[in-house]
Amino acid sequence: MTRIKSVVLGTAILPAVLALPKTTPTHAHYRGRGYDANSTSDRAQAVVDVFRTAWGGYYKYAFPHDELHPVSNSFSDSRNAWGASAVDALSTALVMGQKDIVNQILDYIPTIDYTKTATEVSLFETTIRYLGGMLSGYDFLTGPLSDLADNKNNVDALLKQSETLANALSYAFETPTGIPWNNLFFTSRSNDGSANGLATVGTLVLEWTRLSDLSGNTSYGALTQKAESYLLNPSPPSSEPWTGLVGTDINVTTGQFLDSTGGWVGGDDSFYEYLIKMFIYDPSRFATYRDRWILAADSTISHLTSHPSSRPDLTFVAMYNGRNPSLISQHLACFDGGNFILGGQVLGVQKYINYGLQLVDGCHETYIATATGIGPEVFGWDSKRVPADQAEFFNKSGFYIQNPTYDLRPEVLESFYYAYRATGDPKYQDWAWEGFLAINATTRVGSGYSNIDNVNVAGGGGYGDFQESFWFAEVLKYAYLIQAAEAEWQVSKDGKNAWVFNTEAHPFKVAS
Ligand SMILES: *[C@@H]1O[C@H](CO)[C@@H](O)[C@H](O)[C@H]1NC(C)=O
Ligand SMILES: *[C@@H]1O[C@H](CO)[C@@H](O)[C@H](O)[C@H]1NC(C)=O
Ligand SMILES: *[C@@H]1O[C@H](CO)[C@@H](O)[C@H](O)[C@H]1NC(C)=O
Ligand SMILES: *[C@@H]1O[C@H](CO)[C@@H](O)[C@H](O)[C@H]1NC(C)=O
Ligand SMILES: *[C@@H]1O[C@H](CO)[C@@H](O)[C@H](O)[C@H]1NC(C)=O
């Protein structure tokens with residue numbers, strides 16, 4: 001499906017001879033006459049408008065650098081100066097049908113030199129943002145959105161550049177175990193020698209397997225599947241305190257886990273996410289991954305489920321150190337509700353869907369409890385550790401704030417999206433819309449959108465002056481898709497998905 005850009009009608013009286021195209025979109029009235037906040041197509045168009053505002057600021061003041069500093073109208077290159085925001089924005093511009101932006105990005109990508117960078121490269125971040133963004137673009141532009149590309153050579157370049165990038169990264173896997181180093185220095189073809197982690201090792205396999213399937217070079221998938229094998233069969237036994245739930249740091253030389261701490265939090269999160277997504281990508285090749293997801297999900301329900309003493313109606317998931325749970329969670333972890341729902345749908349197991357919906361409720365509470373209507377980066381609910389100045393807040397809300405920042409993160413909206421796709425309940429569209437309005441009202445500044453200092457102070461307590469590339473890839477994509485019309489890339493209600501989203505929200509076509 002392609003969408004026509006909405007016609008700007010304003011209040012001008014159109015000459016009678018100026019015929020409107022037959023395909024005048026239903027939301028054409030949005031700009032001129034305000035919009036109906038209960039109309040999902042008007043909401044979707046409002047998200048597109050925000051996307052265009054953010055892209056315009058980035059394009060004017062930062063392109064082709066990695067990200068915009070919207071307050072100072074400047075830029076930085078935190079992701080190796082390959083244009084992270086542009087590559088990350090591509091799949092969102094595509095699903096939104098923003099042809100002009102799609103082609104600005106497509107004209108740029110063939111000019112990137114992925115073999116050179118002066119700064120440290122994260123194998124994980126590079127994989128999920130750059131490789132994920134280009135492969136998703138390739139899947140869309142060789143598939144259902146092919147008419148959005150002006151130049152077919154630019155589409156071919158997406159795959160070529162993906163191979164060039166993966167080839168430049170692949171020396172990371174030259175270790176005694178095959179587990180890659182994460183932090184790389186291209187100039188000296190070296191690494192920083194540090195332990196790798198569960199999420200950073202376990203969130204490569206979808207992108208690199210897709211690249212193998214598209215390019216015909218089987219090495220990419222093989223490298224990451226070998227690395228993943230150490231995560232699926234963890235050693236020593238103490239690193240798996242509950243079946244399926246594992247530690248965090250891994251020695252690249254020995255393949256041994258170095259601890260038994262973890263959870264669904266940052267550093268661990270997308271390892272669990274990808275177990276079920278690999279099964280969606282190809283059930284015949286990745287059934288073992290599904291089995292490990294089921295073990296992790298069941299152990300989570302049995303051992304990590306927690307209800308705050310002041311709000312026993314809420315459900316949060318604890319972290320752990322060995323078999324000791326700690327009652328802390330994060331905005332990052334709020335993808336978990338969506339992932340349980342997705343797993344439940346795909347496996348046809350209602351208990352995972354029900355559990356996921358409870359987690360979605362809990363994360364929604366972290367949004368509606370604060371002064372801005374946005375949830376905090378880190379929160380806790382241990383009744384013995386409530387900060388004195390948050391006692392009243394804890395009594396009312398069921399959690400206290402440990403880190404009050406908001407970094408333009410998507411996870412809560414992402415879980416609303418899965419909840420809506422599974423249930424069809426418009427409540428989740430309303431929640432996503434309210435979250436989007438709060439984020440738009442609080443983080444909009446200067447030439448774009450910024451991270452903020454304090455979600456529990458009206459206005460957000462100050463700006464960090466940094467517009468993350470995942471603002472384009474994730475926040476605006478989920479905020480849009482939950483309101484948008486049916487399309488083949490939307491998560492399906494019946495558990496039979498034609499597309500699967502990587503952890504950066506870049507949709508890939510599943511292996512057929
Ligand atoms: C939107 O829907 C709600 C609930 O159905 C209703 O109370 C509200 O008045 C509606 N708002 C508009 C602007 O139509
Ligand atoms: C296949 O990928 C591997 C891993 O990056 C690379 O070393 C090799 O050169 C590639 N083969 C071809 C024919 O491009
Ligand atoms: C990993 O194990 C090797 C071999 O035992 C050891 O030399 C190295 O210091 C360990 N590295 C880390 C980060 O623990
Ligand atoms: C919190 O709730 C407890 C138990 O209901 C009560 O004893 C305490 O006074 C409350 N504290 C505040 C600050 O509201
Ligand atoms: C988003 O914020 C901008 C700037 O404050 C505002 O003009 C716009 O109306 C907001 N969008 C929505 C849908 O509220």
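Counting starts at 1 for both ligands and their atoms, in listed order. Residue numbers run from 1 in the order of the sequence given. The figures that follow rest on heavy atoms only: side chains count, while hydrogens, waters and symmetry mates do not.
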Leu437 contact mode with ligand 5 (heavy-atom cut-off under 4.0 Å): side chain
Within-cutoff protein neighbour (heavy atom, under 4.0 Å) for atom 2 (O) of ligand 3: yes
Criterion ring pair (Phe, Tyr, Trp, His ring centres under 6.0 Å) against His69, the qualifying member of Tyr449, Tyr58, Phe466: Phe466
Within-4.5 Å side-chain heavy-atom neighbours: Met96 and Val47: yes
Any N/O pair Asn440/ligand 5 closer than 3.5 Å: yes
Atoms of ligand 2 close to Asn167 [distance to a heavy atom under 4.0 angstrom, numbered from 1]: 2 (O), 3 (C), 4 (C), 5 (O), 6 (C)
Residue pair Glu207 / Asn502, side-chain donor-acceptor N/O under 3.5 Å: yes
Atom 5 (O) of ligand 3: nearest protein contact (heavy atom, Å): Thr254 CG2, 3.8 Å
Ring centre gap for Phe279 and Phe286 strictly below 6.0 Å: no
Contacting atoms of ligand 5, where contact means under 4.0 angstrom from a heavy atom of Arg444: 4 (C)
Ion pair check, Arg43 and Asp430, cut-off under 4.0 Å: yes
Output field: ring centroids His331/Tyr406 closer than 6.0 Å: yes
Salt-bridge contact Asp213-Arg285 (side-chain N to carboxylate O under 4.0 Å): yes
Nearest protein heavy atom under 4.0 Å from atom 7 (O) of ligand 2, yes or no: no
Polar proximity ligand 3 side, Asn251 side, N/O cut 3.5 Å exclusive: yes
Atom 13 (C) of ligand 3 - nearest protein heavy atom and its distance: Ala195 N, 4.0 Å
Ring centers of Phe508, Tyr281 separated by less than 6.0 Å: no
Nearest non-hydrogen protein atom, atom 14 (O) of ligand 2: Asn217 ND2, 3.6 Å
Heteroatom proximity flag, Glu163 to ligand 2, N/O under 3.5 Å: no
